[in-house]
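Notes follow once the structure below has been shown.
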Amino acid sequence: MNLLNTVRDRFATALSGMVTDVAPLLEMIRPAQDAKFGDFQANFAMPLAKQLGKPPREIAQMAIDRLQISDLCEPAEIAGPGFINLRLRDEFIARRISQTAGDDRLGVLPVSAPRNVVVDFSGPNVAKPMHVGHLRSTVIGDAICKTLRFAGHHVTGDNHIGDWGTQFGMIIYGYRHLRDDAAFADNSVGELARLYKLVNTLSDYQNTVTKLPGLEETAATLRTQLTEQEVATGTDEKAKKQLGAVRKQLAAAHDAVKTAGETISSVESNPVLLKLSQSHPGIARLARDETVKLHAGDAENNRLWNEFLPECLEALNRIYQRLGIEFDLELGESYYNPMLADVVASLKIKSLARESAGATCVFIEGNAAPFIVQKTDGAFTYATTDLATIQYRCDTLKAAEILYVVDKRQSEHFQQLFATATLWGMTNARFQHVAFGTVMGKDGKPYKTRSGDTVGLESLIDEALSRARRIVDENDDRREMPMLSSDERATVAEIVGIGGIKYADLHHSRDSDYIFDWDKMLATTGDTATYMQYAYARICGIFRKLDIERNTLTSGGSTILLMTPEERRLALQLLMFETSIDGLLQDYRPHVLTSWLFETADAFSKFYDRCSVQDAESKELRHSRLILCDLMARALRTGLALLGIQVAEVM
RNA sequence: GCGCCCGUAGCUCAGCUGGAUAGAGCAACCGCCUUCUAAGCGGUAGGUCAGUGGUUCGAAUCCACUCGGGCGCACCA
């Protein structure tokens with residue numbers, strides 16, 4: 001059972017006669033922030049002082065008097081203004097950890113009320129190669145799925161693949177008019193990706209050419225305005241502020257012109273691209289027409305779609321396989337196509353959607369922009385698809401909770417989506433946008449290659465593996481007697497490389513942007529996946545060296561002796577596993593678990609350094625330490641597995 | 001113009017919805033391998049929590065404003 005909750009429960013009983021609402025007070029009981037304050041601290045006495053009209057230390061004493069916790073803790077102490085400090089009794093830790101040692105689930109009880117949770121994550125686009133943005137969604141979503149499942153919930157991990165949008169029109173158009181037959185025969189998916197990129201580049205170019213005069217005009221207008229205002233402005237603060245705002249706008253406008261210029265020159269400096277653009281005027285429109293035909297059921301376009309899709313999916317699956325990711329469901333956007341017309345009709349009947357400027361929109365209070373469910377040209381949008389998807393997940397999958405592991409820049413979309421869905425009648429499920437920040441390069445800008453392209457996942461994984469291999473090689477070669485064969489080195493490199501990528505991502509709090517840095521994620525020191533994996537391998541080394549059969553360790557009972565501070569700390573850390581899992585699930589923050597893993601591995605490394613197993617002072621102590629090691633190994637393996645990270649016996 | 005987010009050690013980040021002298025990792029400096037894997041362990045140094053004002057027993061955390069940065073804002077998903 002969650003150790004923190006165990007302590008809280010005792011306080012709940014003690015406080016129930018003192019105040020009416022104990023819940024917020026229990027929140028103020030936490031693991032001690034400093035070991036010298038004990039193991040847990042309760043901070044509720046101070047805020048209660050005013051409410052009860054008594055000094056906080058007196059209130060703390062009252063609570064302690066009513067508290068029955070002597071089986072768990074040493075006598076509570078009051079410190080400072082009224083903190084209550086608790087120190088667990090060593091016998092209690094020893095007893096708890098002994099019980100945990102014999103438990104497959106490491107003491108974690110399955111939740112009493114399992115929920116049906118649908119986790120929408122990864123969501124790549126079949127036309128475009130996956131990039132680092134998808135990586136975040138994939139890695140975070142997978143960790144959330146695994147942890148929810150371990151906790152006992154019914155989880156459906158759903159990959160909502162983009163297989164039906166505008167990009168497919170681009171592919172079809174490209175295939176018809178621009179394909180390279182030899183390349184297509186050789187590597188169809190690669191050729192389709194090239195065609196998508198090509199059509200996208202050309203339509204981008206053409207749009208930009210059209211837009212440029214407008215952008216230049218805006219910049220010119222702002223420049224004139226600025227000049228006039230600069231002359232007119234004296235020392236008036238308000239006017240100065242306004243001037244600053246105009247300056248900012250002008251800078252933005254200049255940027256826009258500059259970016260547009262770059263887009264244009266990138267095509268115009270390339271004779272081949274320029275010629276293609278000239279021979280395919282209005283390519284964006286033409287591609288969109290292909291999309292419309294596809295959606296309208298055009299036989300030829302649907303044939304092409306059916307031909308291309310399986311291969312695209314296979315290419316995606318290859319990446320998922322390398323990352324060790326699996327889904328329970330992979331219903332792409334196309335799956336919901338037949339339902340879209342009904343969605344819009346239903347929204348209209350309920351007077352939620354109405355016509356505006358030719359499009360069908362839902363207007364959500366507080367949002368200036370409408371939620372467009374059908375465009376002027378009759379096509380549906382991803383808003384429509386998302387609504388149909390919610391309906392499916394609620395009605396067919398009986399979801400009680402739907403999580404969207406999606407870039408935080410889409411938060412407005414989800415706000416509108418959830419509001420619309422609720423108004424529409426989907427009130428049985430709880431929706432949550434599990435948002436994450438942008439992956440940045442070392443320069444603080446979105447992570448790109450030197451030439452400005454997004455970094456493909458496939459090459460990213462290759463890079464991780466080759467870097468990891470170099471590290472594994474160096475490390476093993478440094479030994480007097482290398483421990484690994486070439487095959488084993490390859491396996492370890494894979495485990496370390498993939499683990500490094502995932503851990504680096506997960507250990508940042510998800511909603512902040514994070515800087516992608518090879519050297520940090522695969523560093524041989526510090527808070528990395530490797531640190532935990534190394535701790536695991538060292539434990540395995542102990543069992544190998546001492547020739548211990550691990551699965552018989554606890555058969556004769558498992559008495560744990562806590563003789564040193566290191567053993568005590570390690571045992572207590574291990575008992576906090578469930579608390580960290582609950583912490584992760586409270587707001588779907590995997591970094592809560594990475595912190596626990598690091599602290600636990602840290603506790604182990606210190607234990608390893610100071611508490612010899614083979615040279616333990618007694619047979620009993622040696623056995624106790626062996627059990628602790630085994631438990632530690634299982635905790636690491638299990639905890640890392642919840643994050644999708646593997647371990648190796650030797651590394 | 002409207003809306004959202006961010007500013008914490010040289011760098012990368014935590015800080016658990018207001019609690020005790022603000023924490024990690026990296027980098028820097030000094031130590032530790034005849035002992036279970038040194039991918040490790042011990043130690044030192046490093047901070048006006050962007051700024052100002054407010055709320056109160058108590059603020060990195062809540063409120064207001066200022067400065068600086070990012071990101072969204074009809075018919076791409």
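All figures in this text were calculated on a predicted structure; none of them were measured in a lab. Chain letters run A, B, ... following the sequence lines, proteins first, then strands; residues in each count from 1.
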| said: With a 4.0 Å cutoff (strictly under), does any side-chain N or O of Arg538(A) reach OP1 or OP2 of A38(B)? | reply: yes
| Side-chain donor/acceptor contact of Asn125(A) with base of A77(B) under 3.5 Å | no
| said: For the C1' atoms, the ones on C67(B) and on C29(B), what distance do you get once it is rounded to whole angstrom? | reply: 37 Å
| message | Please tell me if Ser509(A) has a side-chain N or O lying less than 4.0 Å from either OP1 or OP2 of A14(B). | response | yes
| field | Interatomic distance at C1', G68(B) relative to G51(B), whole Å | value | 11 Å
| His623(A) side chain to Leu553(A) main-chain N or O, any donor-acceptor pair under 3.5 Å? | yes
| For A20(B), does either OP1 or OP2 sit under 4.0 Å from a side-chain N or O belonging to Gln33(A)? | yes
| query | Does any N or O donor sit under 3.5 Å from an N or O acceptor when you compare the side chain of Asn85(A) with the base of A20(B)? | reply | yes
| request: Ignoring backbone atoms, establish whether Ser595(A) has a side-chain N or O less than 4.0 Å from OP1 or OP2 of A14(B). | output: no
| Using 4.0 Å as the upper bound for N to carboxylate O, is an ion pair formed by Arg589(A) and Asp511(A)? | yes
| query | Has the side chain of Tyr382(A) got a donor or acceptor atom sitting under 3.5 Å from an opposite partner on the base of A77(B)? | reply | yes
| query | Are Tyr608(A) and G40(B) stacked, counting the six-membered base ring, centres under 5.5 Å, planes under 30°? | reply | no
| request: Answer yes or no on whether Arg30(A) is positioned over the face of Phe40(A), meaning its NZ or CZ is under 6.0 Å from the six-membered ring centre and within 45° of the axis. | output: no
| said: Any side-chain N or O of Ser605(A) below 4.0 angstrom from OP1/OP2 of C41(B)? | reply: yes
